[in-house]
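All ligand and atom numbering here is 1-based and tracks the order in the structure.
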Amino acid sequence: MRATATAGSNIALVKYWGVVDKALRLPANGSISLTLDAATTTTAVHFDPALHADAFILDGRETSGEILARVSAHLDRMRALAGTDIFANVESSNTFPTSAGIASSASGFAALTAAGAAALGLNLSRRELSALARLGSGSACRSMIGGWAEWLPGTRHEDSYAVQIAPPEHWDVRDLVAVVSQERKAISSAQGHTLARSSPLFAGRLRQVESTLPVVRKAILARDFHVLGALAEADALSMHSIMLTSRPPLVYWRPATLELIHAVQTWRAEGAPCYFTIDAGPNVHVLALPETAEEIQTRLKAMSCVSRVIACGPGPCPVVRPGAPA
Ligand code: DP6
């Protein structure tokens, strides 16, 4: 009744922004990401008949309210599959700041799904695990897959899950996460997804994503960094235009975000291959190749607006261990 899992966050190169079914987290479009090795969540789940309620401890702190309710709702889904009503104690820790535009919900719900399913002895396929993780957090379905992943949007619960485009060892691309703020964001992604459609630009974005997906898939398979980087950058800006033009508008950027965007563009113009992408927060992810990653990391660290750089490479699918954490 106990298991522990470690799952990597992922960085979307073609973003998920907007849902067609809020409860089922069916996305408005397909998305592509890279699962990360150094931004991970480790979660221990213990279903214990002595408990009278679920408990969720995140980074050493007991949670309550909405955060606990979201974890509990996910445990309910797994309990329903196992035909049990035993409560669980869940302990989770992240190697990166929670809720600042690094997808902690992706690694969090991937780790919770992997550990919970193992603790309950659920015999689920990778596809079923991915779809299940999606119900907790959309982007978590991609973190159930190692390396380069694509979320097939689907139209029902069963056919909305992620598949692997290529394993982590296919291509070593680095994601240097320049952390500029560790504040929790005011508007969650879950709220943002329901606002996307209020943007007059949304229909245009969906058309653009449709034509971008196959080109990004091909660029990954061909290891074409410039095509991948340029499209990832364009897609991040496209998603942020939806955020900026939804009602109410969502402005996740800080002055430091813009400073980093300009720095990356300048370095690239000077010959250093690097591209940026940004999730629902102020932090900037800088995509780089291994041969120049160290130099770019040094430059990022030298910027006064950057408090920390988390250097990530391609990561595996969740790693599950039976029993309590070591
Ligand atoms: C900007 O997966 O966090 O990171 O399904 O409500 O949990 P929920 O949203 P979430 O949204 C991620 C949005 C994004 C883009 C992406 O990862 O594709």
Side-chain angles (χ1 to χ4, degrees), residues 7-36 39 41 66-67 69-71 73-74 77 94 96 98-113 130-145 148-154 157 160-162 175 177 184-197 199 202 205-206 209 212-213 216 231-233 235-244 246 250-253 257 276-285 287 312:
S9 177
N10 67 74
I11 181 63
L13 306 158
V14 179
K15 311 284 188 188
Y16 147 52
W17 198 250
V19 282
V20 293
D21 185 317
K22 194 178 163 193
L24 286 179
R25 287 191 152 81
L26 295 177
N29 60 271
S31 53
I32 291 179
S33 62
L34 175 62
T35 295
L36 303 173
T41 302
E66 253 177 68
I67 298 178
R70 194 164 164 188
V71 167
H74 202 58
R77 294 177 188 118
N94 289 326
F96 56 95
T98 304
S99 205
I102 305 175
S104 61
S105 64
S107 52
F109 280 96
L112 178 63
T113 304
S130 174
L132 180 58
R134 187 202 78 240
L135 295 171
S137 174
S139 53
C141 75
R142 299 187 310 239
S143 276
M144 291 305 303
I145 306 298
W148 305 87
E150 177 164 4
W151 178 2
L152 311 172
H157 168 66
S160 186
Y161 56 88
D175 176 15
V177 191
R184 289 188 80 83
K185 57 194 178 208
I187 308 275
S188 69
S189 305
Q191 288 167 280
H193 286 299
T194 63
L195 294 178
R197 222 162 270 282
S199 162
F202 192 59
R205 167 166 170 75
L206 292 183
V209 167
T212 301
L213 285 168
V216 167
L231 288 173
E233 219 175 80
D235 187 70
L237 292 172
S238 150
M239 178 185 72
H240 280 271
S241 356
I242 301 303
M243 294 163 164
L244 291 167
S246 61
L250 300 176
V251 187
Y252 285 116
W253 294 1
T257 314
F276 66 82
T277 180
I278 306 163
D279 279 344
N283 298 328
V284 176
H285 295 246
L287 303 172
C312 300

Next item on the list: Give the intermediate values and the outcome of side chain to side chain contact (heavy atoms under 4.5 Å, CB included) for residues Leu24 and Leu135.
Entry: CA-CA 6 Å; Leu24 286 179; Leu135 295 171; 3.9 Å; yes
Next item on the list: Test side chain to side chain contact (heavy atoms under 4.5 Å, CB included) on Lys15 and Arg205 and set out the steps.
Entry: CA-CA 11 Å; Lys15 311 284 188 188; Arg205 167 166 170 75; 3.6 Å; yes
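The side chain to side chain donor-acceptor pair (under 3.5 Å) test applied to Arg197 returns no partner, not counting sequence neighbours. With sequence neighbours excluded, the residues forming a side chain to side chain donor-acceptor pair (under 3.5 Å) with Trp151 are Ser160, listed by chain and number.
Residue Ala280 places a heavy atom under 4.0 Å from ligand 1.
Nearest-heavy-atom check against atom 11 (O) of ligand 1 across Met239, Arg70, Lys15, His193 picks out His193.
Counting heavy atoms closer than 4.0 Å to ligand 1, residue Ser31 contributes nothing at all. With a heavy-atom cut-off of 4.0 Å, Met243 does not touch ligand 1 at all. Only the side chain of Ser105 comes within 4.0 Å of ligand 1, counting heavy atoms alone; its backbone N, CA, C and O stay farther away.
Inclusion of Asn10 in the set of residues having an N or O under 3.5 Å from an N or O of ligand 1 is not warranted. Residue Trp17 has no N or O atom closer than 3.5 Å to an N or O atom of ligand 1. The N/O atoms of Ala140, backbone and side chain alike, include none that comes under 3.5 Å of an N/O atom in ligand 1.
Within ligand 1, counting atoms from 1 as listed, the ones closer than 4.0 Å to a heavy atom of Ala12 are 16 (C), 17 (O), 18 (O). Short contacts between ligand 1 and Ala190, defined as distances under 4.0 Å to a heavy atom of the residue, involve ligand atoms 6 (O). Near Ser139, the atoms of ligand 1 lying under 4.0 angstrom from a non-hydrogen atom of the residue are 2 (O), 3 (O), 10 (P), 17 (O). Listed by number with element, the atoms of ligand 1 under 4.0 Å from a non-hydrogen atom of Ser189 are 3 (O), 9 (O), 10 (P), 11 (O). Near Arg25, meaning under 4.0 Å from any of its heavy atoms, are these atoms of ligand 1: 5 (O), 6 (O), 7 (O), 8 (P).
Relative orientation of the His193 and Trp17 rings is tilted, given thresholds of 30° and 60° on the angle between their planes.
Between Ile11 atom CD1 and Leu34 atom CG the span is 9.0 Å, to the nearest 0.5 Å. Of the inter-residue distances, the one linking Trp253 atom CH2 with Ile278 atom CD1 reads 5.0 Å to the nearest 0.5 angstrom. Within the model, atoms CE of Met239 and OG of Ser199 stand 12.5 Å from one another, a figure rounded to the nearest 0.5 Å. Taking CG from Leu132 and OG1 from Thr113, the interatomic distance works out to 5.0 Å, rounded to the nearest 0.5 Å.
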